[in-house]
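Note that the structure is predicted; figures quoted are calculated from it, not measured. Below, chains carry the letters A, B, ... as their sequence lines are ordered, and counting in each starts from 1.
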Protein chains: 2
Amino acid sequence: MASIRSGARKVICIGRNYADHITELKNARPKQPFFFLKPPSSILPPKAGPVLAPKGVLMHFEVELGCVIGKSLRDFDPADEQGAIDAIDGYCLAIDMTARNVQDEAKKKGLPWSIAKGFDTFLPVSEYIPKAAIPDPHTVDLSLFVDGKLKQSDSTGLMLYRIPRQLADISRVMTLEKGDLVLTGTPKGVGPVTVGETMKAFLKVNDQELARIEVDVAEKGGRYAFQET
Amino acid sequence: MASIRSGARKVICIGRNYADHITELKNARPKQPFFFLKPPSSILPPKAGPVLAPKGVLMHFEVELGCVIGKSLRDFDPADEQGAIDAIDGYCLAIDMTARNVQDEAKKKGLPWSIAKGFDTFLPVSEYIPKAAIPDPHTVDLSLFVDGKLKQSDSTGLMLYRIPRQLADISRVMTLEKGDLVLTGTPKGVGPVTVGETMKAFLKVNDQELARIEVDVAEKGGRYAFQET
Ligand SMILES: [Mg+2]
Ligand SMILES: [Mg+2]
Ligand SMILES: [Mg+2]
């Protein structure tokens, strides 16, 4: 198994897939799943250093279940629940880091989200979880703590659009390839994290821990600084 | 040299980089470069079949100069003009196909552009152009014809933000890696193309043709049909 970082040709993230998260950000509920891309260069493997906070950026965490795709999928049938599971090679825990003020400007001006979502280190992932460890990806408990304080804690059973539908809607637009990573959306509780803080996230099934992320936040440095586009 | 399709981990596209193109789409002129991602799965190599038009989609062509990155770049200095050329492995001609009605909805609702830009076959590319064939990427003539009618014809000298600045602004957000493809924006004249039509695009330097794309447009078929998000 190649690492998640080296194996991914693309990373596709479902937006607004938990009702209470839509409410907390005052977003409109989508009439169908939508998604966006993060670049593979944003993936931060375990023990690869801190999440880097760009200057002037309000950085938010979003804990999510990730599905690593095991084979090519095109125009997948959303009713084929077993086929969806068969197409998954394994799973990971992931944090979809988001430059919320960059995204807010993009949303207001109708600009793309790629910068807000695509900074280096903006996608911490856990170790790879073999598929057999998760009998049903819709009964997984996700949680995230910042400096020991619980911020997010919900079951993937709360997804508005389940994984077969996600794979169907993505693959009718863009072919899913072996190694691609699909992030399935974040539950409620997203919020800011800043330099000097530590995030811990856990993925459990039946109270058994299958994966964790422990990652600090540090300054990015360099030339980037948030300014108006 | 791996093919452009197999070598790209990411494709980064500069938006609104020619003044007359900004005017024709009634867009605001950006105060700094911005960019978005297309998935590598959208790349359509030469002779790999037609561009596929999804149901209900108003499809636009955007002819662009592509730069294939030759080495890892992070936080690149925009003043380093020679360094930018050194970081480029070669070039290609490309058409950034865009689902304009999908994008218009995304812009209106503050949604990401990834679907509008990311359909399979939405990035026809020419054969690879060795770097030595283009002494200065800012003196390249791009043109595009639909069924023999000239639609776009301009010099890359009209770019608002030149390539060193583009590589700088991208790489201060996301590390550019060997094989990544950077599309540098489209000049004026973008417009619709429909099933049964043929696009031809040319890249010339000093009236000498260095690359061309010839590609038909056919129906995509399958489950996708444009509907409200
Ligand atoms: Mg990508
Ligand atoms: Mg997310
Ligand atoms: Mg374009």
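With a 4.5 Å cut-off on non-hydrogen atoms, F122(B) does not touch chain A at all. Contacts between K220(B) and chain A at a heavy-atom distance below 4.5 Å involve the side chain alone, from C-beta outward. For R16(B), the part sitting under 4.5 Å from any heavy atom of chain A is the side chain, from C-beta outward, and nothing else. If you measure heavy-atom distances from D77(B) to chain A, the contacts under 4.5 Å come from both the backbone and the side chain. Using a 4.5 Å cut-off between heavy atoms, R74(A) touches chain B through its side chain atoms alone. Looking at S42(B), neither its backbone nor its side chain comes within 4.5 Å of chain A, counting heavy atoms on both sides. For E228(B), the parts lying near chain A are the backbone and the side chain together; criterion is any non-hydrogen pair under 4.5 Å. With a threshold of 4.5 angstrom between heavy atoms, Q103(B) does not approach chain A through any atom at all.
Heavy-atom contacts from other residues, nucleotides or ligands closer than 6.0 Å to CD of E24(B) number more than 12.
For F36(B) against P112(A), the heavy-atom pair with the smallest separation is CB-CB, 3.6 Å. Across all their heavy atoms, L111(B) and W113(A) have their closest contact at C-NE1, 3.6 Å. Contact record, S114(B) with M174(A): O-CE, 3.8 Å, taken as the closest heavy-atom pair. Contact between K10(A) and P39(B) at its shortest, heavy atoms only, is CD-CB, 3.6 Å.
By number of non-hydrogen pairs under 4.5 angstrom with chain A, the leading residue of E177(B), K107(B), Q32(B) is Q32(B).
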(message) Test side-chain contact (heavy atoms from CB on, under 4.5 Å) on T229(A) and K31(B); report intermediate values, then the result.
(response) CA-CA 5 Å; T229(A) 298; K31(B) 294 177 180 65; 5.9 Å; no

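When each of D169(B), L37(B), V173(B) is paired with I115(A), the side chain to side chain contact (heavy atoms under 4.5 Å, CB included) condition holds for V173(B) and for no other.
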